[in-house]
Every structure is written in structure tokens, then in C-alpha cells.
Protein chains: 2
Amino acid sequence: MRRKDDGKRDSIKKAVVQVILEQGMHAASVSKIAKAAGVSPATVYVYYESKDDMLRDIYIEYAENIYKVLLNHLSIDMPGDIFIDRFVREYYQYIIEYEEVFHFVEQFGGCPLSHGCHILKGPERLNDILMQYQRLGVLNNYDIKNIWAMLLYPVKAVVKDSKNSESTSQKQLDEMIMIIQKALLK
Amino acid sequence: MRRKDDGKRDSIKKAVVQVILEQGMHAASVSKIAKAAGVSPATVYVYYESKDDMLRDIYIEYAENIYKVLLNHLSIDMPGDIFIDRFVREYYQYIIEYEEVFHFVEQFGGCPLSHGCHILKGPERLNDILMQYQRLGVLNNYDIKNIWAMLLYPVKAVVKDSKNSESTSQKQLDEMIMIIQKALLK
DNA sequence: CTTGACAATAAACGAATGTTCATTTAATAT
DNA sequence: ATATTAAATGAACATTCGTTTATTGTCAAG
């Protein structure tokens, strides 16, 4: 039996996020995606049941990704301030480096097609680390959702600013990290 | 000569944000929007040159809106902690109350069609107030963009959480306000 | 080798897309 | 009253949409 070409599935995945970044969700048709992937539109339906299914699948695959990246660079052994510094910097770098992926996840996440795709914000392991820092008296005992909010959301603003102003964004990120540290550390 | 029916322009505007909230950007066609507005598809082109133009126009009209609302409830006379409390609560309430508008602005803002629609984040007057609080030694002298980031972005996370958990969101918002106050006030 | 299973595609599908146009409707000015 | 103007629209435009089908190509098991 002939085997499915994993490279082809990957091409399609990459084409999806690329086309959506360049043209927007409303213009990301199966044909355009297929062309960008170097594949026939019909081939898409070998790998996915429908367009909606494809978007949902890719969303789920990518949405958890950032947490794995963060986990690879973080551990409970770090002092609290270093932990926050690393956390925020890694998240910032991820957004910059995987711009297409991040944009797709943000865009698709706020669209009715994604309702039902339940993505846990901050998977178990990372959540545990945060709560352990709280038990150790390093992090303030805020609602864990608020901890997540402070660690993730302000950085998005810094990224957006960096796309408009270009040069001063490094200093802005450094300052933001300090603000977050002051807010979360005991 | 027959006059333009301003109610019709408004119907279209409302239909745009409503359809996009319910069906997503990629499914918001001119026909669906027209139907939701109780209008012929051709009528849309009496008021707007093209679909893209329509979306851009409505985006610009709505994007500045939140800042006007905030200005109406804020003044330099308040103590710093009250100012932040009001600011964040008004923003939160705006997102909840005008869910469709907020969703449309967020969604369209992250789509290539909006590149070029220059929306100033935080119009002059509100920016002045923030900087005056800094000169008065009430707010920390952080980059004004970081002040904006802290005032706007974490609240978005709280709203998202509130859509999943329902009940505990009031306490979460109260706590978030305290965190922001501690972070920004001297 | 042969054969069978499945990947891959070109071609075609009806439905829907954004937009235009000829026409009708209704408000104003004469 | 009536002519004038532009709003409003239904019907049609070419194009593109997402998807299916029929056919071909290719690899792995027997």
C-alpha cells in the first residue's frame, strides 16, 4: 500500500498559516493554500475531511506549541525573577520568530470555527510550576488565571508596538519585564 | 431629490459586526450582511465603494470609539488608584456590553485589510492625562506604551476567562485591578 | 513479478462570491 | 402638477468557492 507523504501534510500546514498571514482568513481559500503548498486542491482532501476540519486540526496542533517551547526553557530551579525574565523573553521571541503561526492561532482562536476546539491555556506542567512558586512564597497568591494574564498579554502589546516603531522595542521589553516582575513577585 | 436614509447606513454597520461575530470574517459575505441589514446587496454599494472599503470604514469608525467612552468617565481630578479602577472597569464593561463591536475591531485589526488604516492607540487627550499623572508623581515613569499595555491587555484575558468560567470573574477582575494599581502607581 | 490498495491529481460540480446595471421608487425643486 | 435627481433594488455578471468523481501513478505485501 502506498504511504502518505508526511512532507506533504507539513507543506499544507505551513501554507495555511502563511496564506492567512499574507491575505487574511477571509481570502484563504483551499485553492490558494494548495497552490502555496505545491499541491492539488484535491490532495488537501486526502489529508483533511473538509476545510473547516483542516483549520481546526492545524489550530489544535499549533495552539499548544508555545507551551512546549516555554517548558523547554523553564524550570522550578530558577530564582523567581529569572523565571519571569526567561518566560517573557521566550514568549516574545516565539511571537517574533513564528510570526505566521502566532498570527494564525490568534486569528482563528477568535472565530466561531474554533469554538469547541478546547485548548487548555497553560498545560498541566507549566501550571504546576507556577503554583509551586506560589507555595514557595516566591509568586504572590493571585488567581492563577491572573498570573497567566500578566505573563502573556502585556507582551503581545509590546510586539504590536515593535512593529510600528522598530528601534526602541528592546528597551520597552526590558522595562515591561521589570514591571511584571514587580507585580508578580513577593 | 431623494435623501439617503441614515438608518440604512446604520443597519449595515450593525449587520457587519453582528454577522462577523456569529459567522467569522471568512463567512461574512456581502449577501449575508445585506440580508441581516434588511437591505439588497446592491444597496451596500450605494454607501460603500467596495466590501473592503466598507470593512475599513466601519473599522475606523469603531476603533476609536472605546477611547471616547473612556474619556467620558475619566478625568485628571481623580486620585490615581480611582483613575485606574475606573479605567479598567469601564474598559471591561465596554468589552462585555459591545461584544460584537469589540470582536470586530480585534478581528479586523489583525488582518491585512486593516494595514494602512492608521488607528492611534489612545488619542491625544487620554495620553495627555496619563503623562500628567506621571508628571505629578502619581504614575511611574514607564514608557507610555507600557502604561497603555498594562491598562488594556490584561483585561482582555479576564474577559476571555469570564466566558469560560462565568461566576468567579468579578473577583478576578477586582484582583486584576489591584495588581495593575500596584504595578503602575508610585 | 504481480497485484491490490491508496496517494495524487485533473476535471468538473453546484453553490456562493463580489460587483454591475437597467429599472423602479420616492423625495425635492420648479 | 411635473420634471429632476438620486436612493434602492432584482436580476444577472464573471469568477471563485469548497468539494466530489474518475483516472492515473506508485509503492508495498504476497
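Below, read A as the first sequence line, B as the second, and so on, with proteins coming before strands; counting in each chain starts at 1. Just so it is clear, the values below take in all heavy atoms, side chains as well, and ignore hydrogens, waters and symmetry mates.
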Practice item. For side chain to side chain contact (heavy atoms under 4.5 Å, CB included), just list the numbers for A:Asn140 and A:Gln134, CA-CA rounded to whole Å, side-chain angles, deciding distance to a tenth of an Å, and then say yes or no. Key: CA-CA 6 Å; A:Asn140 284 315; A:Gln134 289 186 314; over 6 Å; no
**Study point:** Whether B:Gln107 side chain and A:Cys111 backbone form a donor-acceptor pair below 3.5 Å
**Key:** no
Review point. What's the CE-P distance between A:Met25 and D:dG18, to the nearest Å?
Key: 10 Å
Exercise for review: Starting at the 5' end of nucleotides 11-18 of chain C, put B wherever the base has a protein heavy atom under 4.0 Å, S where only the sugar-phosphate does, and a dash everywhere else.
Suggested key: ------SS
Check your understanding: Think A:Tyr47 has a side-chain N or O under 4.0 angstrom from the OP1 or OP2 of C:dA8?
Key -> yes
Practice item. In whole angstrom, give the distance that lies between atom CG of B:Asp52 and atom P of C:dT19. Key: 7 Å
Check your understanding: Nearest-Å distance, CZ (A:Arg56) to P (D:dG18)?
Key -> 14 Å
**Study point:** A:Asp53/A:Arg56 salt bridge by N-O under 4.0 Å criterion
**Key:** yes
Exercise for review: Taking side-chain contact (heavy atoms from CB on, under 4.5 Å) as the test, write out the residues that go with B:Glu64, two or more places apart.
Suggested key: B:Tyr67, B:Ile119, B:Leu120
Practice item. Round to a whole Å and report the spacing from NZ of A:Lys8 to C1' of D:dC27. Key: 13 Å
**Study point:** Integer-rounded Å distance: C:dA7 P and A:Asp10 CG
**Key:** 17 Å
Review point. With B:Leu173, which residues qualify under side-chain contact (heavy atoms from CB on, under 4.5 Å), at least two apart?
Key: B:Val88, B:Arg89, B:Tyr92, B:Val158, B:Gln170, B:Ile177
Practice item. Please check if the distance between the ring centroids of A:Tyr94 and A:Phe102 is under 6.0 Å. Key: no
